[in-house]
*Asks:* 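Shown below is the structure under consideration.
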There are 2 protein chains.
Amino acid sequence: MPQPARPPRRVTIPDVARHAGVGQATAARVLGGYGSASAATRERVLAAAAELGYSTNAVARSMISGRTHTLGVVVADVENAYFARAVRGVSDVAARAGLQVVLANTDEDARKERAAVQMFVERRVDGLVVTPAGSDHAHLDKAIASGIPVVLLDRALGGAGLDSVVVDNRDAAQAAVAGLTSRGHTRIAVITSASPADDAAALASGADIWTTTERLTGYRQALRAAGIPRTAEIVRHTGYDRARARAAVLGLMTADDRPTAVFTTDNVATLGTLDALRDLDAHLPDDVSVIGFDDAEWATLIRPRLTVVSQPVQDLGGLAAEILLRRIDGSTARPRRHTLRSTYIDRESTAPAPATPRPLRLPPPA
Amino acid sequence: MPQPARPPRRVTIPDVARHAGVGQATAARVLGGYGSASAATRERVLAAAAELGYSTNAVARSMISGRTHTLGVVVADVENAYFARAVRGVSDVAARAGLQVVLANTDEDARKERAAVQMFVERRVDGLVVTPAGSDHAHLDKAIASGIPVVLLDRALGGAGLDSVVVDNRDAAQAAVAGLTSRGHTRIAVITSASPADDAAALASGADIWTTTERLTGYRQALRAAGIPRTAEIVRHTGYDRARARAAVLGLMTADDRPTAVFTTDNVATLGTLDALRDLDAHLPDDVSVIGFDDAEWATLIRPRLTVVSQPVQDLGGLAAEILLRRIDGSTARPRRHTLRSTYIDRESTAPAPATPRPLRLPPPA
DNA sequence: CTGTTAGCGCCTTCAC
DNA sequence: GTGAAGGCGCTAACAG
């Protein structure tokens, strides 16, 4: 039966010092790269270290410096291409500054998020990038109070005095949907992964925003600007579940007076929407126009090529890391929202609304 | 000018002990959850801790226990869906055991890999999952020698006495290509991201394997079994570069005696291949059959749906983590290769070879 | 059950 | 330029 073996004793500075025949402090100085030592002793210490296979103990070093050279990153799911890219952005900037990234997935579960943040506080990460799942930020405030800077990624939070890095969600959504209304679409559905509960909570919590809320607001503004009544709004929340998004679109498209266009607010919703449209044998863009939020590596592989609102996801992550690095360096600038610009990429999945939408039906299973 | 501010002093156990009017050790016991304390004192300590906002210092704890409850994961690029899924697999299993995952991207650069591994050793991670970029494993041996268990993911390494988790690459590739030869294809191209240099090195280093080598071997076996001469082998190495993969396929397909089928060994190669085929206006699968290694979320969204060899990527990562956990628990089982089964998913991108392949040309730019 | 006392490995005064 | 001694925050023997 394997017993929880404690790791073997490692070579330490005293070991090296003894082996080199110098004092502990001297060995520490050359191995730590501070203070000074004569070329001769340096040589001997280095030789002894190499011989014994000495390796710095970063834990002990952290204990003194109070810095772990580590950034905590809390996202919903690294498997999601959006977060994967964002993490890469954070990681690249961090690595350049000699920091490493510790990852935590929350699956949009606020409890997991709190647990992850607490764990990061205990581990004394030097900074925290968080994609908050809910609208509560007490745990983030606590992190900040304990001296750990926090930057919100992709989502801002109402009231919190926190740095955040987001895109111009409202404008981008508005522009995208306006492109649809200007082509005669009046029945435009929005498929979004965020749950209405989160949405309401974000709204209720006050002044500020949560990404999906912003995108929905942009959608509504575009409809209003086109003189489309509020009763014609079609919004489905499908909770980061591709199958549910598919089901929602299936339902929408096979009903009377079906939408002639779909706007999706994230890549999971986009995937599910396209599943449904494929299964319905819908001819894009003639039967239905589609615009997705966030570009994807496969967007130009499907037919027609998908029109999207593209976000600079890597940059978002990179900027979050930079802000953190600045704060770690002692910056006390007032926390604020940093908004990056998204780009509308007009490809081939939008077209004028059909005069009389062709009815769509699920073909009977073979 | 912001000065590298050391983090503020945090509340420590002595602080809590004083505030609760108990001895340091007592406070430590209840806060650390070991030893025993009377309900009354426990109460008071907890209250004091809450009041002062005490938070365990995991760094100090690690210093004593010698364990950081951390797994280092070294991959080529988290942005790549394959690695993202693998990381998620590792992370889930690790999280369940109370460990967190530290990430490092190498971009297939052996130097970056060595640096990352060394950094992980210095940080005293409890275990290491590595997708080795080269065939050299001295740095991994060093990690093991220093008491850190290592598991190779996705790629095995010749000669190294290391645990590894891989799929049945050779058989899977052989079966996939055999599916092509059985349908009359004789001109079958392989597009692979791995560079020939790596390949040769892996081969040279001895007995064992490296994933791409295995897949190529499977390809060759299938050709041989079908009586196709070695001179008909078509292999392009495109170095994890989608654009280069596209260019390679473009070149191949516009030449005389073009391939009628393409087998790609990873998702980057698949993406580039499909780019090229789309640009050539090739009609899949009639003009060209395609089989990709590794399934993708968009594989059923393109027309025709992509036939693939699907790997249990999450499981691969999860198993790697489990092996590590076992070793951390003291297991001394002989390191070995763990092979998981891949699945051939026959969708719509393969068809019999055309009798007379239609010439493919890049349409002139509009 | 509780308090006192040593360290974990390193950095940092401070004398020499 | 070099060595000795103290402490970072916690756990682990010990006594009491």
Side-chain angles (χ1 to χ4, degrees), chain A residues 4 6-46 48-49 52-69 121-126 146-147, chain B residues 4 6-46 48-49 52-69 121-126 146-147:
Chain A
R6 308 166 88 273
R9 210 185 159 290
R10 304 280 214 330
V11 182
T12 68
I13 285 189
D15 295 331
V16 175
R18 243 188 317 274
H19 196 80
V22 302
Q24 185 182 139
T26 306
R29 275 191 277 262
V30 354
L31 294 174
Y34 56 84
S36 48
S38 74
T41 35
R42 140 173 280 102
E43 201 76 2
R44 295 179 39 217
V45 171
L46 255 20
L52 297 180
Y54 169 81
S55 139
T56 302
N57 184 333
V59 178
R61 189 172 280 180
S62 291
M63 180 105 181
I64 293 167
S65 67
R67 318 192 59 321
T68 53
H69 299 284
V121 171
E122 295 182 354
R123 300 204 165 189
R124 304 295 191 253
V125 296
D126 295 335
S146 83
Chain B
R6 308 166 87 270
R9 206 186 161 290
R10 303 283 214 327
V11 182
T12 69
I13 285 189
D15 296 331
V16 176
R18 244 189 316 275
H19 196 79
V22 300
Q24 188 184 137
T26 305
R29 274 190 277 262
V30 353
L31 293 174
Y34 57 84
S36 49
S38 74
T41 34
R42 142 172 279 102
E43 201 77 359
R44 295 176 44 213
V45 171
L46 256 21
L52 298 181
Y54 169 81
S55 139
T56 302
N57 185 333
V59 177
R61 188 172 281 177
S62 290
M63 180 104 180
I64 293 167
S65 67
R67 318 196 45 330
T68 54
H69 299 282
V121 171
E122 295 183 354
R123 297 198 170 199
R124 304 294 191 253
V125 296
D126 295 335
S146 84

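Each chain gets a letter, A, B and so on, in the order the sequences are listed, and its residues count up from 1.
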*Asks:* For the pair made of CD1 in B/Ile64 and P in D/dA12, what is the distance, rounded to whole Å?
*Replies:*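 For the pair B/Ile64 CD1 and D/dA12 P, the rounded distance is 7 Å.
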
*Asks:* C/dC1 P sits how many Å from B/Glu43 CD, rounded?
*Replies:*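 Going from B/Glu43 (CD) to C/dC1 (P), I get 16 Å.
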
*Asks:* Assess, by modelled atom type and distance only, whether the side chains of B/Ser55 and A/Arg124 contain a donor and an acceptor separated by less than 3.5 Å.
*Replies:* yes

*Asks:* Which part of the nucleic acid does B/Val59 contact within heavy-atom distance under 4.0 Å: base, sugar-phosphate only, or nothing?
*Replies:*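 Nothing, no heavy atom under 4.0 Å.
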
*Asks:* Among the nucleotides D/dA13, C/dC10, D/dG1, which one has an atom lying closest to any side-chain atom of B/Arg29?
*Replies:*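 Of D/dA13, C/dC10, D/dG1, D/dA13 is nearest to the side chain of B/Arg29.
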
*Asks:* What is the separation between atom CD1 on A/Ile13 and atom C1' on D/dA4, rounded to the nearest whole Å?
*Replies:* 15 Å

*Asks:* Considering only side-chain heavy atoms of A/Met63, which listed nucleotide, C/dC10, C/dT13, D/dG9, is closest?
*Replies:* D/dG9

*Asks:* Mind checking if B/Thr41 touches a base, just sugar-phosphate, or nothing, with heavy atoms under 4.0 Å?
*Replies:* sugar-phosphate

*Asks:* Please give me the minimum heavy-atom distance between A/Thr68 and B/Val59, naming the atom from each residue.
*Replies:* CG2-CG2, 3.9 Å

*Asks:* Of the candidate nucleotides C/dC10, D/dC10, C/dG3, which contains the atom at the shortest distance from the side chain of A/Thr12?
*Replies:* C/dC10

*Asks:* Measure from CG on A/Leu52 to P on C/dG9 and round the result to the nearest Å.
*Replies:*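 Value for this atom pair: 14 Å.
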
*Asks:* Looking at D/dA12, D/dC10, C/dC11, which one has an atom nearest to any side-chain atom of A/Gln24?
*Replies:* C/dC11

*Asks:* Give one of base, sugar-phosphate or nothing for B/Ala28, where a contact means two heavy atoms less than 4.0 Å apart.
*Replies:* base

*Asks:* From CG of A/Asn57 over to P of D/dC8, roughly how many Å is that when rounded to an integer?
*Replies:*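 In whole Å, D/dC8 P lies 18 Å from A/Asn57 CG.
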
*Asks:* Taking OP1 and OP2 of D/dT11, is either one under 4.0 Å from a side-chain nitrogen or oxygen of B/Tyr34?
*Replies:* yes

*Asks:* What pair of heavy atoms forms the shortest contact from A/Val45 to A/Val16, and how long is it?
*Replies:* O-CG1, 3.8 Å

*Asks:* Choosing from C/dG3, C/dC11, D/dA4, which nucleotide comes nearest the side chain of B/Ala25?
*Replies:* C/dG3

*Asks:* What is the distance, rounded to the nearest whole Å, between atom CZ of B/Arg123 and atom P of C/dC10?
*Replies:*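 Nearest whole value for this atom pair: 15 Å.
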
*Asks:* Is the phosphate of C/dT2 approached by B/Ser38 (side-chain N or O, under 4.0 Å from OP1 or OP2)?
*Replies:*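 Checking B/Ser38 against C/dT2: at least one side-chain N or O falls below 4.0 Å of OP1 or OP2.
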
*Asks:* Whole angstroms only, please: what is the CG-P distance between A/Leu31 and C/dT12?
*Replies:* 14 Å

*Asks:* Where the side chain of A/Arg44 meets the backbone of A/Ala20, is there a donor-acceptor pair that is under 3.5 Å apart?
*Replies:*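 A pair under 3.5 Å: yes.
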
*Asks:* Measure from CZ on A/Arg67 to P on C/dC11 and round the result to the nearest Å.
*Replies:* 15 Å

*Asks:* Counting just side-chain N and O atoms, does B/Arg61 come under 4.0 Å of either OP1 or OP2 of D/dG9?
*Replies:*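 Answer no for this pair, as no side-chain N or O of B/Arg61 is under 4.0 Å from OP1 or OP2.
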
*Asks:* Looking only at non-hydrogen atoms, find the nearest pair between B/Leu31 and B/Arg61 and report the distance.
*Replies:* O-NH2, 4.3 Å

*Asks:* Side-chain N or O of A/Arg10 less than 4.0 angstrom from OP1 or OP2 on C/dG9?
*Replies:*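 No, outside the criterion.
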
